[in-house]
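Below is one structure, written out as structure tokens, with a few remarks after it.
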Amino acid sequence: MARIASLAQAVSEVVHDGDTVAFEGFTHLIPFAAGHEVIRQRRRGLTLVRMTPDLIYDQLIGAGCATRLVFSWGGNPGVGSLHRFRDAVSNDWPVHLELEEHSHAGMANRYVAGASGLPFAVMRGYVGTDLPGQTSNIAPITCPFTGEVLTAVPALKLDAAVIHAQRADRQGNVQLWGITGVQKEAVLCASRSLVTVEEIVDELDPRPGAIVLPTWAVDYVAVAPGGAHPSYAQGYSVRDNDYYRAWDEIGRDREEFNRWLDNHIFNPAPGEVRA
Amino acid sequence: MARIASLAQAVSEVVHDGDTVAFEGFTHLIPFAAGHEVIRQRRRGLTLVRMTPDLIYDQLIGAGCATRLVFSWGGNPGVGSLHRFRDAVSNDWPVHLELEEHSHAGMANRYVAGASGLPFAVMRGYVGTDLPGQTSNIAPITCPFTGEVLTAVPALKLDAAVIHAQRADRQGNVQLWGITGVQKEAVLCASRSLVTVEEIVDELDPRPGAIVLPTWAVDYVAVAPGGAHPSYAQGYSVRDNDYYRAWDEIGRDREEFNRWLDNHIFNPAPGEVRA
Amino acid sequence: MMTVAAARALRDGDVCFVGIGLPSTAANLARRTHAPGLVLVYESGTLGAKPDRLPLSIGDGILADTADAVISVPEVFNYWLQPGRIDIGFLGAAQIDRYANVNTTVIGDDYRRPKVRLPGAGGAPEIAANCREVIVVVRQSTRAFVERVDFVTSVGFGRGKGDRERLGLRGGGPRTVITDLGVLQPDPETCELVVTALHPGVGIDEVRARTGWPVRVAESLRQTDPPTPSELAALRRLRQQTEQQE
Amino acid sequence: MMTVAAARALRDGDVCFVGIGLPSTAANLARRTHAPGLVLVYESGTLGAKPDRLPLSIGDGILADTADAVISVPEVFNYWLQPGRIDIGFLGAAQIDRYANVNTTVIGDDYRRPKVRLPGAGGAPEIAANCREVIVVVRQSTRAFVERVDFVTSVGFGRGKGDRERLGLRGGGPRTVITDLGVLQPDPETCELVVTALHPGVGIDEVRARTGWPVRVAESLRQTDPPTPSELAALRRLRQQTEQQE
């Protein structure tokens, strides 16, 4: 049964120093509020996992929370580069960031294997590219029936998964709809999970396209209205494209970034921190 | 793009003598009308594939359409045995029926592998049972990362898949909801597919729990109202439990069964054949 | 009595993988008596189904209508059963042996020419392998309780202690076999099934006479409590509601 | 001109795997001009999205709202891309080489200490491997068009003819490279990219000057038709609707 807790308490229970953590959300429902709380709690030594590390990972990396990143595409979608990510990779600022790099298909299958309780997944991929040369986590595997050689990737094993969803009920059953990405798989891969939600309701009336994570598969639920901002929560908010564009300037400069951390994460204006 | 055709035409285009065919539907949405049309067209030498061969396969087997069955559970749910299936296995009546037997998990994974364009799937299963001794289609496989030994099963390769769904639109997009089983996977495993539907509508308004098979992934759509009878189509009909119980008597006796074939399949009362 | 005993074996809050027939009746009875928070998972793809009558098949519409989530059949097996997320699985059996191995495939020595062709494996092999524990429900007779099953459809404890671990099976296996006469459980030392409880009015000689091997009896042989009035009332209500809605 | 040329390369009824930016603009332009039946698949999980403006990200809500089906990201890659159900895939490139191999990972020789760290692979390696054919869209410069890419993120034709088959790649590979100057396509004999068309007003010398290898020119060099008034009007309308709704 999921416990319903405050964002600060839930984050402190779920994300610990040195953990391997995924904050998932494919453009939609990105758990920004939870990520900001992790920065605020000054977690260190995290291995961050995510198919599409975007602003929230740029912020976590720039704040020095992470020492390793497992990913498949890192950019500011439609805008450009992640400057904090680049600065960490190229200049070890604020700390060295080790990379493990996959394709989307590879990451998706690593989540599926983890959710399925298997040590690896089989796919058609990576063949002929330079990606297998950079990690031992891509290996050939032979079909025992046809002799065909395919590619294996190991399951993701997460200490913690954090996602944002539209709603939960009072028992902690979680409902999300719209583009749902790999969020279910991320939660099912993890030893501990936290779902931030727009609201808690008495009953989760069925919705087209919705998936439900039952309360017995979730550890913590925390109410964080607007917790996906600047990404969006379908039916609740729209994407804040200005924020994504403005980030390019802030992320580009270490001083600007530190000012942003001070003003918006550590000493936010009243009302800016949600939940 | 799916073609919309009559049931008789669609069956004759999709199911040929000697084909490997799955009629899927997990208790719900079983494509009985299409199966009866296959009997009527006197197809022979079929390899029938299905997780839960029930009455429709008892009927196809008794009518002599099949020479091979790939399955995981064969019974009349809640009632008892499939007597035509037993008679074929034990007494070669009307013809010998070869069996390939799996677990549900194994069959489900064979569908997933087929739908994914992979030659095999990996799972935890079958270990210690006598099932691998009866087929070469269960094999050990070693994880290249952990050395753990798991089980591989080959992808299902179907010549044809037949399912029943609630609705299609005029473009041939198919919508089904309620318990959807492995129907999507079955269609995606097959070279040719036929979906019978309760009705064709102008627009598929979104429904909670519905899945949509896009028209470009389906070959034929045929209108067959009540085509899942005696199973049910959620939102359209309820399960005819009396039929399931009555089948026990009919299926138990070769003469009774042949009379049933004559009266209900080959020379049905006016209005009994749908579509 | 089998139904009531099976219902009692379910703890509130457990996640239970339910087959149709007696397991479904027992699980729904438990939900209406001591375990309102029992989570029912049916292999048709319904997580957390809360039927107000007994479903007529494993894919009854009422399961989808009342479930927290309806998922595909591959997802049931891969995301929920295989990783060990299910606490309790139920199995029936045509044969069960001394080490709780279960046969639902064929009776007879020749698989190709069986004496009796049974329905087959269904979800059983992976339920037996992956649930935290398994309850087997089967009527007691020398035909069903055999020294060694003709075909191992689902592994109990193999040939004895340590076999599950050697095979890499991660669930706890069949911890409870409930019959119309009593309850058998694996001896912690040998994993052999021994009689641990008798239902009211049943003598141990009757159990011995209906078991196909010289069955041992636990030192602490219990007697099952008879069904309570509230259990019987709940069971009666459940069956009435089922008939009304059929 | 790149957008219009890319739109023209799409045939009505094709199933097209679309990334954000130019490919999305081109695909939506095609839907509004010659290919109303073009099926758009976005890797976020929307099959058959029909946006009435340009989506702002690959996971824009308008894609889910207008799609025939919204599916999980693993399903996109496993059930739809991997088995070869997609006709056309679009790729961008930071570098592309003589044999149409594409780099979107790092610029420089040292992967651990790159000159420029790029976003990485995303869906590209499997798009390049599994789509029936691939269109690469990239501005022409000697920085982008190099003899050999620093890092092979996505395989074009490897080191030449037969390499795709040897690697077991089942899609047809990059049949069309559209730049701001013209179009390059693989020579059927060698799989080396050759210039097959020039956009209006562009000379072959300019293409040569902006290509990092001695690029060959097809015998039947075509000239791209200039954008038609209706193409330009449709493109303008699409952009207007996008701005209004932002």
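In terms of non-hydrogen atom pairs under 4.5 Å with chain A, the most contact-rich of Ala121(D), Pro114(D), Pro119(D) is Pro119(D). Chain A forms the most heavy-atom pairs under 4.5 Å with one residue out of Asp163(D), Leu118(D), Val149(D), Asp60(D), and that residue is Asp60(D). Options Gly78(A), Gly75(A), Ser103(A), Ala108(A) differ in how many heavy-atom pairs under 4.5 Å they form with chain D, and the most are formed by Ser103(A). Note: Gln82(D) leads Lys115(D), Gln82(D), Arg164(D) in heavy-atom pairs under 4.5 Å with chain A. Of the listed residues (Asn78(D), Thr104(D), Asn103(D)), the one with the most heavy-atom contacts under 4.5 Å to chain A is Asn78(D). Contact count against chain D (heavy-atom pairs under 4.5 Å) is highest for Val182(A) among Leu150(A), Ile211(A), Val182(A). Among Pro74(D), Gly120(D), Ala64(D), the residue with the largest count of heavy-atom pairs under 4.5 Å with chain A is Pro74(D).
Applying the salt bridge (Lys or Arg N to Asp or Glu O under 4.0 Å) test to pairs two or more places apart or on separate chains, those with a residue in residues 124-145 of chain A are Arg124(A)-Glu148(A).
For the atom pair CD (Glu185(A)) and OG (Ser72(D)), the distance works out to 5.5 Å, reported to the nearest 0.5 Å. Residue Arg117(D) holds its CZ atom at 10.5 Å from OG of Ser81(A), rounded to the nearest 0.5 Å. Here Phe77(D) contributes atom CZ and Met51(A) contributes atom CE; the two are 5.5 Å apart, rounded to the nearest 0.5 Å. Note: His28(A) NE2 to Leu63(D) CG = 11.5 Å, rounded to the nearest 0.5 Å. Once rounded to the nearest 0.5 Å, the distance linking CG of Asp65(D) with CD1 of Ile179(A) reads 9.0 Å.
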### Task
Check step by step if side chain to side chain contact (heavy atoms under 4.5 Å, CB included) holds for Val73(D) and His104(A).
CA-CA 9 Å; Val73(D) 163; His104(A) 276 354; 5.9 Å; no
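Residues of residues 38-48 of chain D that come closer than 4.5 Å to chain A, counting heavy atoms only, are Glu43(D), Ser44(D), Thr46(D), ordered by residue number. Taking non-hydrogen atoms and a 4.5 Å limit, the residue list of residues 125-148 of chain D in contact with chain A, ordered by number, reads Pro125(D), Glu126(D), Asn130(D). Near-neighbour residues of residues 165-177 of chain D relative to chain A, defined by a heavy atom under 4.5 Å from a heavy atom of that chain, comprise Leu167(D), Leu169(D), Arg170(D).
Checking side-chain atoms of Tyr232(A) against main-chain N and O of Gly61(D) turns up a donor-acceptor pair under 3.5 Å.
Between Glu98(A) and Arg112(D), no side-chain nitrogen of the basic residue sits less than 4.0 Å from a carboxylate oxygen of the acidic one, so the salt-bridge criterion is not met. Ion pairing of Arg113(D) with Asp92(A) is present here, as a side-chain N (NZ or NE/NH1/NH2) and a carboxylate O approach within less than 4.0 Å.
Only the side chain of His96(A) comes within contact range of chain D, with heavy atoms under 4.5 Å apart. When heavy atoms are compared at a cutoff of 4.5 Å, Phe151(D) approaches chain A by way of both its backbone and its side chain. With a 4.5 Å cut-off on non-hydrogen atoms, Phe85(A) touches chain D through its side chain but not through its backbone. Neither the backbone nor the side chain of Tyr244(A) comes within less than 4.5 Å of any heavy atom of chain D. Within the 4.5 angstrom heavy-atom criterion, only backbone atoms of Asn91(A) (N, CA, C, O) approach chain D. Only the side chain of Val116(D) comes within contact range of chain A, with heavy atoms under 4.5 Å apart. With a 4.5 Å cut-off on non-hydrogen atoms, Met123(A) touches chain D through its backbone and its side chain both. The parts of Val127(A) that come within reach of chain D are both its backbone and its side chain, each placing non-hydrogen atoms under 4.5 angstrom from that chain. Only the side chain of Gln234(A) comes within less than 4.5 Å of a heavy atom in chain D; its backbone stays farther off.
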